[in-house]
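First up is the structure itself, then whatever we jot down about it.
In what follows, every heavy atom counts, from backbone to side chain, and hydrogens, waters and symmetry copies are set aside. Bear in mind the structure is a predicted one, so any value in this text is a computation, not a measurement.
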Amino acid sequence: MKAACAGLALLAPVATDAQTAQPLVSATYAEPTTRYPHGVLGDTIEHGALELRFRGSNKRHVIRLPESRVFEDTAPRLVDVDGDGLPEVVVVESHQDKGARLAVYTSEGLLAATPYIGTRNRWLAPIAIADMDGDGAVELAYIDRPHLAKTLRIWRYVDGALVSLDSLGGLTNHRIGETDIAGGLRECGNGPEMIVASANWARLIAVTFDGSTLTAKDIGPHKGRASFAKALSCD
């Protein structure tokens, strides 16, 4: 089973589904499929549907992708992206011909998404979804093609769309075949920092965002997942 990305905070507020009038409390992937045999996360089983569940009810709400797309991801994330105090569901989905994109769903379907990478079997690995610069708006950050381009990209939801804010090369958070995504977000008293690795996996890197620019800082050698855990705990 694919593990969740470390360090991605799941926010406490719950969303209310318009159809059921019940609060959204969980999201899971469903309907395993091998129709997109990329295998970047250790096997060729991805998922064709997103299953939402609501408090006080056994009823489920299923969002099913067309045959051309799959959820190629570790786990869905419940995060308030649009700032209304209620979480949306943030996922990685991949197209048979266009590769991966980061997408935001509600119970009514797709809310917003980044552009597809553009080529089959090209993937992205989320780092964190949080207010990175203290302005009250939520940013969404991921590594674009962690095995190839190794570029951190950061976005924000604005007026119904995800808007690109900045990018920074030479970084990664995943190696082909790993079932989890390394690193995540920490707060050690100096504002939010995204913890990733250098492109060659030799060093741990903390990246901050000031509202316009991403800045990287070397914080020590990379010595496996234990070094990520230590960094995330501010040790």
(Q) Quick check on the hydrophobic clustering: are L110 and L50 connected, directly or via other members, by side-chain heavy-atom contacts under 4.5 Å? (A)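 Yes, L110 and L50 fall within the same hydrophobic cluster.
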Q: Consider only side-chain heavy atoms of I, L, V, M, F, W and Y, link residues closer than 4.5 Å, and tell whether V158 and W155 are in one cluster.
A: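 No.
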**Q.** Stepwise side chain to side chain contact (heavy atoms under 4.5 Å, CB included) check, L86 with T106
**A.** CA-CA 10 Å; L86 305 172; T106 71; over 6 Å; no
**Q.** Heavy atoms of other groups near D159 CG, more than 12 under 6.0 Å
**A.**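 No, CG of D159 has 12 or fewer neighbouring heavy atoms, counting only those of other groups under 6.0 Å.
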Q) So with a 6.0 Å cut-off around CG of N190, is the heavy-atom count from everything else above 12? A)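 Result for CG/N190: open.
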Flag the pair [X] / [Y] as yes when at least one side-chain heavy-atom distance between them is below 4.5 Å, and no otherwise.
X: T114; Y: Y142; result: yes
X: V207; Y: F209; result: no
X: H47; Y: V91; result: no
X: M194; Y: L214; result: yes
X: V89; Y: P87; result: no
X: I117; Y: D144; result: yes
X: R153; Y: L102; result: no
X: K223; Y: K230; result: no

Q) Under 30°, 30 to 60°, or over 60°: which ring-plane class applies to F71 and Y29, parallel, tilted or perpendicular? A)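 Correct class here is parallel.
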Q | side chain to side chain contact (heavy atoms under 4.5 Å, CB included) between L152 and I143, worked out | A | CA-CA 4 Å; L152 194 160; I143 299 291; 3.8 Å; yes
Expected output: side-chain [X] to main-chain [Y] donor-acceptor under 3.5 Å:
X: R64; Y: A49; result: no
X: E67; Y: R69; result: no
X: N173; Y: A125; result: yes
X: R53; Y: E51; result: no
X: Q96; Y: R35; result: yes

Residue pairs fulfilling disulfide (SG to SG under 2.5 Å) with at least one residue in [range], sequence neighbours excluded:
range: residues 101-144; answer: none
range: residues 118-193; answer: C188-C234
range: residues 33-131; answer: none
range: residues 88-184; answer: none

Q: Walk me through it: do V92 and L124 pass the test side chain to side chain contact (heavy atoms under 4.5 Å, CB included)?
A: CA-CA 7 Å; V92 180; L124 62 87; 3.7 Å; yes
For [X] and [Y], work out which heavy atoms get closest and say how close.
X: A137; Y: D135; answer: N-OD1, 3.0 Å
X: L232; Y: R186; answer: O-CB, 3.7 Å
X: I195; Y: A231; answer: CG2-CB, 4.1 Å
X: M132; Y: A128; answer: CE-CB, 3.6 Å
X: R77; Y: P126; answer: NH2-CG, 3.5 Å
X: L52; Y: A27; answer: CD2-CB, 3.7 Å

(Q) I'd like to know whether Y105 forms a side chain to side chain contact (heavy atoms under 4.5 Å, CB included) with I63, so could you lay out the CA-CA distance, the side-chain angles of the two residues, the decisive distance to 0.1 Å, and finally the verdict. (A) CA-CA 9 Å; Y105 281 88; I63 296 173; 4.0 Å; yes
Q. Quick one: side chain to side chain contact (heavy atoms under 4.5 Å, CB included) partners of T34, sequence neighbours excluded?
A.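 T34: side chain to side chain contact (heavy atoms under 4.5 Å, CB included) contacts with T44, I45.
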Quick one: hydrophobic cluster around [X], which other residues, with the 4.5 Å side-chain cut-off, linked directly or via members?
X: L148; value: none
X: Y116; value: none
X: Y36; value: V70

Q. For residues 165-199, which residue pairs qualify under ring pair (Phe, Tyr, Trp, His ring centres under 6.0 Å), counting only residues two or more places apart or in two chains?
A.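 Matches after skipping sequence neighbours: W123-H174, H147-H174.
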Q. Rounded to the nearest 0.5 Å, how far does OG of S26 lie from CZ of R60?
A.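 Rounded to the nearest 0.5 Å, the CZ-OG separation comes out at 12.0 Å.
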**Q.** By ring-ring contact (aromatic ring centres under 6.0 Å, His included) - contacts of F228 (at least two apart)
**A.**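 By the ring-ring contact (aromatic ring centres under 6.0 Å, His included) rule, F228 matches H222.
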Q. Will you find, in the side chains of N121 and T119, an N or O donor that is under 3.5 Å from an N or O acceptor?
A.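 Checked: N121/T119 side chains show no N/O donor-acceptor pair below 3.5 Å.
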Q. D82: what forms a side-chain hydrogen bond (donor to acceptor under 3.5 Å, both in side chains) with it, not counting sequence neighbours?
A.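 So D82 forms no side-chain hydrogen bond (donor to acceptor under 3.5 Å, both in side chains) with any residue.
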Q.
Checking H95 now: which residues fulfil side-chain hydrogen bond (donor to acceptor under 3.5 Å, both in side chains) with it, not counting sequence neighbours?
A.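 Not a single residue meets the side-chain hydrogen bond (donor to acceptor under 3.5 Å, both in side chains) criterion with H95.
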Q) Among V81, L78, D73, V138, which residue meets the side-chain contact (heavy atoms from CB on, under 4.5 Å) test with V90? A)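 Answer after filtering V81, L78, D73, V138: V81.
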